[in-house]
Amino acid sequence: VLAGIAYLLGLFVMPTMILFAMIVGVFTILQFIMDTVHGKTSEYILILNVIIFIIAIIGLLLFGLKNSGMDLSSYSIGHIYADIGMIGGTLFLYLLQCYLKKKSWYYYPVVVGGAGLLFVLFLYFTNPQLYTLFVSDLFAFFGQAPVTDTVQEARGWSLDLAWTTFNYGLILMIGGLLVMLYNNIRNERPEQIFAVIWSVIILFSTWQHVRYEYYLAINAALLSAMVVGFFLERSWPIIQPLIPAHTPFDETDTYSDTDDAYPSKKSKKQKKTQPQRSAQEKSGSLHIIPTILVVCLAILFASTSINYSYTNATNYPSIMNPDWKETMEWMQNSTPETGIDYYSVYSKNGFTYPNNSYGVMSWWDYGHLITTVGKRIPNANPFQQGVAGSSGAAAYFMDISENSANSILNKLGTRYVVTDIEMDQGKFWAMATWFNATESVDPYYTTLLVPGNGNSVSAASFNKQPYYLTMISRLHNFDGSMTEPGKVYYVVYADSTITGMTLPVITDAEEMTPTAAREKAAQYNLNATSGYHAGVFSASVISPLETVPALHNYRLVHESPTNVFNSAAADLKYVKTFEYV
């Protein structure tokens, strides 16, 4: 019952708690097979799963289904179907186990595997929705998509990130898994089998999406405790006598007061237990070195983690970007009210926005700032809502046509557009990926290696003209004004196949006017050696390659104080706010 309540509370935090139901499902199948191999039945698993998932079903129905369809990433009826599937699947495994009880053990896993395959095929041909729910969504959950890399906490794990988070705990985790597997070779322990399956699945989930480090932390602690406890237990006959407060006798050597009156009886007991103690001490001495090593790793794990967390918290406090804070405070105080009470609770069903409501277009990263500090309604938010699709933030900021960009704002009821230098540069690739995952940044800029002193090279990005025509560039770089081209670079570069480098390498570069650069590049490419190319690029966000036309329906209404160039020669503010008129 407590497990069912715990699962339900987790589900109320996030719908993807369904992952833990999947862990239970994997354990259920494997444990049923192991019990069958050992000639046992698995009533205990049937009782557990029925109680846990009936509680989950009742609790979710009382909570209410918030979304239509069967998406497991939302509070939909898909969760009810999944819970019913867990109960029905466990009942099937139990009845099959009873039916095949007198057969050889290998019949059971073969029939289970065959039944599972037939069930998947049955869903595929008869109910595509349930097939998607139970099969396709599972692979999608553990898979990666191009847009996943644009979300910091959804990116895949790497060895350096893993070591930063868990350091020596990674070694202890592996040791804990090996200890539990070793324990089950000698004596079956279902709770440890469950812990192994749980840890492996969460580890794989973390490898696919770094946000699951939060859940892996629990497994890291438990697995580390397992391996430390395992070796301490075996080294205890050596460690125990070294503890000053301990008596010189083991529990096996205790005797009654009457033994003092009978020395011969005491002598016989000591002689009898001496070989046993000697064997324990010999066994303990074999484990003392790995015990010292494991304990040292545990101390390093704790001290390194505490030191890293303390240093990170004191040196890099999580503070709001001051330019965004200033902009959002201006927005709250200087823009019209939306007609929505920030502190009121509104029912989703039948809700309509007041006539004076409007939205604020920005990249999804800043949606919560717009809501909480600006007290305005963002068109996109950090749940990645309002990002994708023909009317999403990515489509708007990457659009090169003002008319089609305006149609997006008209559809969304947008009045203000907020841009920043990160959207214009560092996060540009994320917007391009959401807009077109296949082409991504290729139409907008290229990255080349620039030779330095000696044999050193450094990577640098060079913009193409389509970059300057995007809405994000025309707004943030040029304030919506017409802009003439300045100086550009004529660049000759060699492909990676020629240089053996990871990126093309610049062999020649010259700053010149756009017309002269285009003519020279065209002439070079007519007779270029295979693998060599010439192109015209710009290295400055405020210097296009061709004329950028003016926007007609936007006016700059606010700029944050920081100049990103930190120079009087060029003034480009960190955050800008435009009114769509």
Side-chain angles (χ1 to χ4, degrees), residues 143-150 152 155-161 207 394 397-398 400 421-470 472-473 477 483 485-548 565:
Q144 288 280 359
V147 295
T148 305
D149 283 339
T150 71
Q152 186 174 0
R155 295 173 186 170
W157 220 24
S158 60
L159 289 176
D160 57 330
L161 284 175
W207 192 260
F397 286 112
M398 301 307 297
I400 62 173
I421 191 63
E422 295 180 52
M423 295 164 59
D424 187 41
Q425 294 187 37
K427 296 178 181 179
F428 183 89
W429 72 275
M431 295 193 294
T433 302
W434 277 92
F435 177 63
N436 188 325
T438 303
E439 292 186 338
S440 189
V441 299
D442 288 345
Y444 309 102
Y445 65 79
T446 187
T447 303
L448 304 173
L449 294 177
V450 181
N453 297 327
N455 296 322
S456 65
V457 292
S458 58
S461 294
F462 295 87
N463 300 322
K464 304 175 186 178
Q465 181 61 15
Y467 161 77
Y468 297 100
L469 298 177
T470 60
I472 178 61
S473 177
N477 296 331
T483 305
K487 292 287 186 178
V488 298
Y489 283 98
Y490 161 77
V491 176
V492 178
Y493 56 94
D495 287 339
S496 301
T497 53
I498 302 295
T499 63
M501 297 286 190
T502 55
L503 294 168
V505 179
I506 293 177
T507 60
D508 186 25
E510 185 179 351
E511 190 179 43
M512 55 180 63
T513 64
T515 302
R518 283 192 292 271
E519 290 176 355
K520 190 170 183 178
Q523 186 177 6
Y524 179 92
N525 288 328
L526 284 175
N527 302 300
T529 305
S530 178
Y532 287 83
H533 313 274
V536 180
F537 306 105
S538 175
S540 171
V541 296
I542 57 175
S543 182
L545 283 76
E546 301 173 20
T547 300
V548 176
F565 284 124

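Computed from a predicted model, the values in this text were never measured in an experiment.
With sequence neighbours excluded, the residues that form a side-chain contact (heavy atoms from CB on, under 4.5 Å) with Ala394 are Trp363, Trp434, Phe435. With sequence neighbours excluded, the residues satisfying side chain to side chain donor-acceptor pair (under 3.5 Å) with Ser440 are Thr433. Contacts of Trp207 classified as side-chain contact (heavy atoms from CB on, under 4.5 Å), with partners at least two apart in sequence or in another chain: Trp157, Leu159. Take Lys464 and apply the salt bridge (Lys or Arg N to Asp or Glu O under 4.0 Å) test, not counting sequence neighbours, and it matches no residue. Checked against ring pair (Phe, Tyr, Trp, His ring centres under 6.0 Å), Phe537 has no partners two or more places apart in sequence or in another chain. Legend: residues meeting side-chain contact (heavy atoms from CB on, under 4.5 Å) with Ala522, ordered by chain and number and at least two apart, are absent. Listed by chain and residue number, nothing satisfies the ring pair (Phe, Tyr, Trp, His ring centres under 6.0 Å) test with Phe397 (two or more places apart in sequence, or in another chain). For Gln465, the side-chain contact (heavy atoms from CB on, under 4.5 Å) test picks out Tyr468, Leu469, Pro544, Leu545, Glu546, Val548, with sequence neighbours left out. Residues meeting the ring pair (Phe, Tyr, Trp, His ring centres under 6.0 Å) test with Tyr444, sequence neighbours left out: Phe428.
Ser496 contributes atom OG, which lies 7.5 Å from atom CG of Leu449 (distance to the nearest 0.5 angstrom). To the nearest 0.5 Å, the span separating CE on Met398 from CG on Asn436 amounts to 9.0 Å.
Note on residues 491-513: pairs passing salt bridge (charged side-chain N to carboxylate O under 4.0 Å, His left out), not counting sequence neighbours, are Glu510-Lys520. Note on residues 427-455: pairs passing salt bridge (charged side-chain N to carboxylate O under 4.0 Å, His left out), not counting sequence neighbours, are Asp365-Lys427, Glu422-Lys427. Residue pairs meeting the ring-ring contact (aromatic ring centres under 6.0 Å, His included) criterion with at least one partner in residues 493-524, sequence neighbours excluded, are Tyr493-His533.
The shortest side-chain heavy-atom distance between Asp424 and Val541 falls under the 4.5 Å cut-off.
With hydrogens and angles left out, the side-chain atoms of Asn477 and Tyr467 include a donor and acceptor closer than 3.5 Å.
Nearest heavy atoms, Tyr490 versus Ala534: CE1-CB, 3.8 Å. Closest approach of Gly156 and Leu161 over heavy atoms only: O-CD1, 4.4 Å.
A donor-acceptor contact shorter than 3.5 Å links the side chain of Ser543 to the backbone of Lys487. Proximity of a side-chain donor or acceptor of Ser538 to a complementary backbone N or O of Asn463 within less than 3.5 Å is not detected.
More than 12 heavy atoms of other residues, nucleotides or ligands lie within 6.0 Å of CZ in Phe565, so this atom counts as buried by the packing criterion.
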### Task
Take Ile506 and Val492 through the test side chain to side chain contact (heavy atoms under 4.5 Å, CB included) and record every step on the way to the result.
CA-CA 6 Å; Ile506 293 177; Val492 178; over 6 Å; no

### Task
Evaluate the criterion side chain to side chain contact (heavy atoms under 4.5 Å, CB included) for residue pair Tyr489 and Val536; output intermediate values, then yes/no.
CA-CA 6 Å; Tyr489 283 98; Val536 180; over 6 Å; no

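Residue Pro504 forms a side-chain contact (heavy atoms from CB on, under 4.5 Å) with just one option from Thr447, Leu448, Thr446, and that option is Leu448.
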